[in-house]
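Everything numeric here is computed off the predicted structure, so don't read it as measured data. Throughout, numbering of the chain's residues begins at 1 and tracks the sequence.
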Amino acid sequence: MQELKPIKEGKVREIYDNGDSLIMVATDRISCFDVILNNEVTKKGTVLTQMSKFWFDMTEDILPNHMISVDVNEMPEFFRQDKYRGKSMMCRKLRMLPIECIVRGYITGSGWASYQENGTVCGIRLPEGLKESDKLPEPIYTPSTKAEIGDHDENISFEQSVEHLEKHFPGKGLEYAEKLRDSTIALYQKCAEYALSKGIIIADTKFEFGLDEDGNLLIGDEMLTPDSSRFWPADGYEPGHGQPSFDKQFARDWLKANPDNNWTLPQEIVDKTIAKYLQAYKMLTGKDL
């Protein structure tokens, strides 16, 4: 069996070149505050891959995506090891657009901090008197530039996203910026409505898009996972404070409370974290992983 090496490694993902396609593996690594922790969270990679597949299948009517298969038997032999099963997705190669497409349906996180300061989020003026975690009158699109690993993404306005895209795609900046905004909001609205019917509020999320060889826009990367979104339980939702969430919140909270943590979590926090991921998967898909 030929040993393969990733062509690109992110904090959580590894990407392998497979000739005319890519294979994306979601590992069980976990990152908080842009640092990869020393623990692995068993099954986390499987949740991320299978959840992305679930949403890709659901949204094909809005926009096609890059997924070809999640069946390792359709991939090179190297991926038929247990550590890749369920975690690997074969994808079409895209020319990725250099914008992180963030959509916020509720006010929380950095958006809440910015609103408290000056009543705006990423330059968008919001109604007065909102409380933390309030639902926004309409979802808002707040793009950012993609940073290299170790740097932070920078929030930009819609107008700046036009300029940024224009630099990379002369003559197409406005067209692509509008497509990204409209696709992001349409995808969010459909999926957030579905998730709410299953007891999960998607407070915000981010998408990434790319172009295929014919210049068509496709969804790339991952989609609506607890790593790229804030999922809150609808049961017990109450604005006015932060909400419990289905993601890395246990891990983040523990790290904050234990500053001399050496980026290592106790096992019980790891177990609680994966339990949240698995619970979110079951609520959304109706299936156990």
Side-chain angles (χ1 to χ4, degrees), residues 1-31 40-96 183 187 190-191 194-195 198 200 202 205-213 216-229 231 246-247 273-289:
M1 180 174 67
Q2 191 188 357
E3 178 73 23
L4 299 178
K5 290 268 177 280
I7 51 167
K8 190 172 172 211
E9 280 197 71
K11 291 192 280 277
V12 172
R13 280 187 172 59
E14 293 170 352
I15 298 179
Y16 295 81
D17 194 340
N18 187 40
D20 55 3
S21 62
L22 293 174
I23 293 174
M24 285 175 51
V25 176
T27 67
D28 289 337
R29 293 195 290 264
I30 180 167
S31 83
E40 292 221 324
V41 178
T42 319
K43 279 202 175 162
K44 175 173 173 277
T46 312
V47 174
L48 298 185
T49 298
Q50 300 304 321
M51 201 177 273
S52 286
K53 176 189 187 305
F54 173 77
W55 294 116
F56 283 149
D57 287 340
M58 185 190 287
T59 52
E60 275 176 326
D61 60 329
I62 297 179
L63 203 67
N65 57 70
H66 69 165
M67 177 176 69
I68 299 169
S69 173
V70 294
D71 181 355
V72 290
N73 295 323
E74 296 177 11
M75 301 178 203
E77 191 190 353
F78 176 74
F79 295 97
R80 294 172 215 163
Q81 309 174 53
D82 278 351
K83 66 173 176 174
Y84 295 114
R85 212 173 286 283
K87 295 179 182 158
S88 307
M89 182 179 287
M90 186 156 61
C91 303
R92 294 163 67 175
K93 288 185 170 176
L94 302 179
R95 181 176 179 189
M96 297 304 286
S183 302
L187 289 165
K190 176 173 185 169
C191 298
Y194 169 82
K198 301 294 180 190
I200 289 181
I202 303 175
T205 191
K206 69 170 183 195
F207 300 111
E208 294 195 34
F209 299 92
L211 304 171
D212 68 8
E213 57 283 0
N216 301 311
L217 190 68
L218 272 69
I219 312 169
D221 200 50
E222 64 180 321
M223 181 170 178
L224 286 161
T225 68
D227 269 18
S228 65
S229 324
F231 289 173
F246 283 103
D247 58 7
T273 301
I274 191 54
K276 277 285 167 214
Y277 278 79
L278 291 169
Q279 185 190 359
Y281 181 83
K282 177 158 191 184
M283 286 172 74
L284 288 167
T285 66
K287 298 200 232 7
D288 280 310
L289 197 61

key: Asp227/Lys44 under salt bridge (Lys or Arg N to Asp or Glu O under 4.0 Å): CA gap, chis, key distance, verdict   = CA-CA 10 Å; Asp227 269 18; Lys44 175 173 173 277; 3.0 Å; yes
ask   = Does the side chain to side chain contact (heavy atoms under 4.5 Å, CB included) test come out yes or no for Asp221 and Met24, once each step is laid out?
value = CA-CA 8 Å; Asp221 200 50; Met24 285 175 51; 4.0 Å; yes
key: Test log, rule salt bridge (Lys or Arg N to Asp or Glu O under 4.0 Å), inputs Glu213 and Lys93   = CA-CA 9 Å; Glu213 57 283 0; Lys93 288 185 170 176; over 6 Å; no
request  = For the pair Thr46 and Arg85, evaluate side chain to side chain contact (heavy atoms under 4.5 Å, CB included) and give the outcome as yes or no after the intermediate values.
outcome  = CA-CA 8 Å; Thr46 312; Arg85 212 173 286 283; over 6 Å; no
request  = Evaluate the criterion side chain to side chain contact (heavy atoms under 4.5 Å, CB included) for residue pair Leu284 and Met51; output intermediate values, then yes/no.
outcome  = CA-CA 9 Å; Leu284 288 167; Met51 201 177 273; 4.0 Å; yes
Salt bridge (Lys or Arg N to Asp or Glu O under 4.0 Å) between Asp212 and Arg95, intermediate numbers included = CA-CA 7 Å; Asp212 68 8; Arg95 181 176 179 189; over 6 Å; no
key: Trace of the side chain to side chain contact (heavy atoms under 4.5 Å, CB included) decision for Met67 with Asp57   = CA-CA 9 Å; Met67 177 176 69; Asp57 287 340; 3.3 Å; yes
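Relative ring orientation between Tyr84 and Phe78 is described as tilted, the plane-to-plane angle lying within the 30° to 60° band. The aromatic rings of Phe54 and Tyr194 sit tilted, their planes meeting at an angle between 30° and 60°.
Atom CG of Leu289 and atom OH of Tyr277 lie 13.5 Å apart (nearest 0.5 Å). Between Glu40 atom CD and Ile30 atom CD1 the span is 11.0 Å, to the nearest 0.5 Å. Atom CD of residue Glu208 and atom OG of residue Ser228 lie 9.0 Å apart, to the nearest 0.5 angstrom. For the atom pair CD of Gln50 and OG1 of Thr225, the computed distance is 12.5 Å after rounding to the nearest 0.5 Å. Interatomic distance, CH2 of Trp55 versus CD of Glu222, reported as 13.0 Å (0.5 Å rounding). Cys91 contributes atom SG, which lies 12.0 Å from atom CD1 of Ile219 (distance to the nearest 0.5 angstrom).
Ala26 and Thr49 make their closest contact through CB-OG1, 3.5 Å (heavy atoms, listed as atom of the first residue, atom of the second, distance). For the pair Ala280 and Phe231, the tightest heavy-atom approach, listed with the atom from each and the gap, is CB-CD1, 4.2 Å. Scanning both residues, Met89 and Val70, for their nearest heavy atoms gives CE-CG1, 3.8 Å. Residues Phe246 and Lys276 share a closest heavy-atom pair of CD2-O, 3.6 Å. When all heavy atoms of Thr205 and Ile202 are compared, the pair lying nearest together is CB-CG2, 4.4 Å. Contact detail for Leu4 and Pro76: the closest heavy-atom pair is CD1-CB, 4.5 Å.
When side chains are defined from C-beta on, Cys191 counts as touching Thr59, because their heavy atoms get closer than 4.5 Å. Leu48 places a side-chain heavy atom less than 4.5 Å from the side chain of Pro226. When side chains are defined from C-beta on, Val25 counts as touching Tyr16, because their heavy atoms get closer than 4.5 Å. Between Thr42 and Ile274 there is no side-chain heavy-atom pair separated by less than 4.5 Å. In this structure, the side chains of Ser88 and Met75 come closer than 4.5 Å at one or more pairs of heavy atoms. The closest side-chain heavy-atom distance from Asn18 to Met90 is below 4.5 Å. Taking the side chain as every heavy atom from C-beta outward, Ile62 and Ser183 never approach each other to under 4.5 Å.
Partner of His66 under the ring pair (Phe, Tyr, Trp, His ring centres under 6.0 Å) criterion, out of Phe207, Phe209, Phe56: Phe56 alone.
Under 4.0 Å is where a charged nitrogen must lie from a carboxylate oxygen, and between Asp61 and Lys190 at least one such pair does. Here Lys87 pairs with Asp28 in a salt bridge; the nearest charged N to carboxylate O distance falls below 4.0 Å. In this structure, Glu14 pairs ionically with Arg29, as a charged nitrogen and a carboxylate oxygen lie closer than 4.0 Å.
Between the side chains of Glu74 and Ser69, at least one donor N or O sits under 3.5 Å from an acceptor N or O.
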